[in-house]
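Since the structure comes first, as structure tokens, the remarks are kept for the end.
Naming: A, B, ... by sequence-line order, numbering from 1 per chain.
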Number of protein chains: 2
Amino acid sequence: MTRRHNRTRAERGIPEATVARLPVYLRALHSLQERGVATVSSEELATAAGVNSAKLRKDLSHLGSYGTRGVGYEVEYLVYQISRELGLTQDWVVAIIGVGNLGRALAGYGGFASRGFRVAALLDADESVVGERISGLTVRHIDDLESVVAEQGVSIAVLATPAAAAQSLCDRVVAAGVTSVLNFAPVVLSVPEGVDVRKVDLSIELQILAFHEQRKAGGPGEGGWAGELDGPGDRPRGEGPPGTKQYIEAVEA
Amino acid sequence: MTRRHNRTRAERGIPEATVARLPVYLRALHSLQERGVATVSSEELATAAGVNSAKLRKDLSHLGSYGTRGVGYEVEYLVYQISRELGLTQDWVVAIIGVGNLGRALAGYGGFASRGFRVAALLDADESVVGERISGLTVRHIDDLESVVAEQGVSIAVLATPAAAAQSLCDRVVAAGVTSVLNFAPVVLSVPEGVDVRKVDLSIELQILAFHEQRKAGGPGEGGWAGELDGPGDRPRGEGPPGTKQYIEAVEA
DNA sequence: CGGACTTTGTGCGCGTGTTCACAAAGGCTT
DNA sequence: AAGCCTTTGTGAACACGCGCACAAAGTCCG
């Protein structure tokens, strides 16, 4: 441990994996705070967050040296430090684009406001929805997107539209100056350099679960590949693609 | 490339990172299929899926050798192979626990059925919701959870409940035999060995976006760390935790 | 005031995932 | 049938993240 200047830490670079866990730690800390806990050890906090304690300590060390050896971390202080690092000490203005089932659910989700996210606008293309009041907001028409973004100072756009509309709406919000997008539409968005996109895809999550579930039940497509090493029925490798032969057979197997 | 037996591929182990991308490829392939495209190169498919082409080829190589050099991949065949690997050639029975805003949105989400996921049950603890018909299903009372799981053969549970209820409901579905859980509640679930849990957390995604957004705007807490190398106002490292001194100052900064 | 005890912060080795770059394979043209 | 062109499949180097294990640092008690 080279003492020296106290800048040994990541100058600017907190690992992405760490950033993704900070919100989890923060939640655990809030929970502790509510229970009146003032101090917590890395071991306890790690358990609450569902991670390894060494990983937690290393994560926190990227923010600075905020623990006390022999004691642990002061909950309130840590809450503040993580909040500041994540940018939660300031307010973020969010616009939700698309007020279908999902958009409504998001508009009513309480987890946003409590974290410094202020849903300031709901927009939709459907005339029959425009004007409706949802969770204290009046739905605006998508034509007003640019002006709403400007007026409200929107910095994060949440796309909860059908897949077909997502890319063009994304282009519009980006053109309007938004540089962070949370995308619920099942499409890969392409955005210019400097714009961040995060994707939430329900169907992909289920598919990943299905993969593991299938594995537990034993091999792909049911039945697995009995004799892998040789003999007939070997894995179709370079079998010459879809002659429609063993392809169809496999379908019916 | 050592020819030999054609088992050089992962015997049973497809990397987790690859599994997470297969659904994305699958979606891109479906899109191509709808447009009547019969053959696609790794370069084209990679672009459509938003990944590097080498990565895509390596991912696909884990499933087998399904391409034709000089040509590319046959779309229909690849769709089938990926579907089979992910276990989408069979039906998966899904139960949604918690019929609030989010649960309703999920119940109405079309992206499930089209991928072999059949929502077979909706459950809630709120008497005033039980009996209601949503998306063709009648909401059952949570007391019936065990019997519903057994009767319908539920293999995947989707938790869309408040945080406080999630763990105990998770315990119940696991006890009832479910081994895959998709959790929307903002808590870390603990489950026994052999049970898979995937988490979708809206607020975490926003917090990660906020972190990057803040960074673009220049440093944490606004203002960044002007002189990092020396002088006063240096990064609080080992400054002795919350003496409440510069902690409070920073809050008001 | 000193020593025992607790807990942090991190060096280090390991495994996983990503990317480059290229030889081999197949199709296509002449 | 021979050679050219395209594209796959993968070896190898590199980057990243994880977790162990431990020294350093601090607390607390006698």
Side-chain angles (χ1 to χ4, degrees), chain A residues 1-4 6-10 13-22 24-25 38-47 49-75 77-78 81 235-243, chain B residues 1-4 6-10 13-22 24-25 38-47 49-75 77-78 81 235-243:
Chain A
M1 185 202 300
T2 50
R3 186 71 44 75
R4 307 169 64 71
N6 39 9
R7 59 182 165 86
T8 330
R9 179 208 60 276
I14 295 179
E16 197 53 36
T18 295
V19 173
R21 281 187 295 267
L22 289 180
V24 180
Y25 302 154
T39 286
V40 67
S41 71
S42 65
E43 194 62 44
E44 294 167 312
L45 185 53
T47 302
V51 303
N52 179 299
S53 71
K55 179 152 61 180
L56 178 131
R57 286 197 298 276
K58 191 160 287 184
D59 283 342
L60 295 184
S61 78
H62 286 118
L63 313 189
S65 193
Y66 298 141
T68 306
R69 295 171 189 233
V71 178
Y73 300 88
E74 215 254 353
V75 174
Y77 186 57
L78 204 49
Q81 289 299 345
R235 185 64 167 273
R237 171 170 274 269
E239 281 284 294
Chain B
M1 184 203 301
T2 50
R3 185 73 44 75
R4 306 167 66 72
N6 40 9
R7 59 180 165 88
T8 329
R9 180 206 61 275
I14 295 179
E16 196 53 39
T18 295
V19 173
R21 281 187 295 266
L22 289 180
V24 180
Y25 303 153
T39 287
V40 67
S41 72
S42 64
E43 193 63 44
E44 294 167 313
L45 184 53
T47 302
V51 302
N52 179 299
S53 71
K55 179 151 59 179
L56 178 130
R57 287 197 297 277
K58 190 155 285 188
D59 281 343
L60 294 185
S61 78
H62 286 117
L63 313 189
S65 194
Y66 300 141
T68 306
R69 294 170 190 233
V71 178
Y73 300 87
E74 215 254 352
V75 175
Y77 188 57
L78 204 48
Q81 290 297 346
R235 186 64 164 275
R237 169 170 275 270
E239 280 284 294

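- For D/dG19, its base sits under 3.5 Å from the side chain of A/Lys58 at one donor and acceptor pair at least.
- Following rounding to the nearest Å, A/Ile14 (CD1) and D/dG17 (P) show an atom-to-atom distance of 12 Å.
- Put simply, CD on B/Glu16 is 8 Å from P on C/dG17, counting in whole angstrom units.
- Phosphate proximity of D/dG9 to B/Tyr73: present, with a side-chain N or O under 4.0 Å from OP1 or OP2.
- No donor-acceptor contact under 3.5 Å links the side chain of B/Arg69 to the base of D/dT7.
- Counting only heavy atoms from C-beta outward, the side chains of B/Tyr25 and B/Leu56 approach each other to under 4.5 Å.
- B/Leu45 places a side-chain heavy atom less than 4.5 Å from the side chain of B/Leu78.
- Taken to the nearest 0.5 Å, the OH atom of A/Tyr66 stands 11.0 Å off from the OG atom of A/Ser61.
- For the pair B/Ser41 and D/dT7, the criterion of a side-chain N or O lying under 4.0 Å from OP1 or OP2 is not met.
- Nearest-nucleotide positions on DNA chain D for A/Arg57 and A/Val71 put A/Arg57 closer to the 5' end.
- Each of A/Asn52 and B/Ser42 lies near DNA chain D, and the nucleotide nearest B/Ser42 is the one positioned closer to the 5' end.
- Taking atom CG on A/Leu63 and atom P on C/dT8, their separation rounds to 15 Å, with Å as the unit.
- The side chain of A/Ser61 approaches C/dT10 more closely than any other nucleotide in the set C/dT19, C/dG17, C/dT10.
- Atom CZ of A/Arg57 is separated from atom NE2 of A/His62 by 13.5 Å, given to the nearest 0.5 angstrom.
- If you take OH of A/Tyr77 and P of C/dT8, they are 16 Å apart, rounded to a whole angstrom.
- Between A/Leu60 atom CG and C/dT7 atom P the separation is 16 Å, expressed in whole Å.
- Summarising the geometry, the separation between CG on B/Leu56 and P on D/dT10 is reported as 14 Å, rounded to the nearest angstrom.
- Within the model, atoms CG of A/Leu60 and CG of A/Leu22 stand 7.5 Å from one another, a figure rounded to the nearest 0.5 Å.
- Distances shorter than 4.0 Å separate none of the side-chain N or O atoms of A/Thr68 from OP1 or OP2 on D/dG26.
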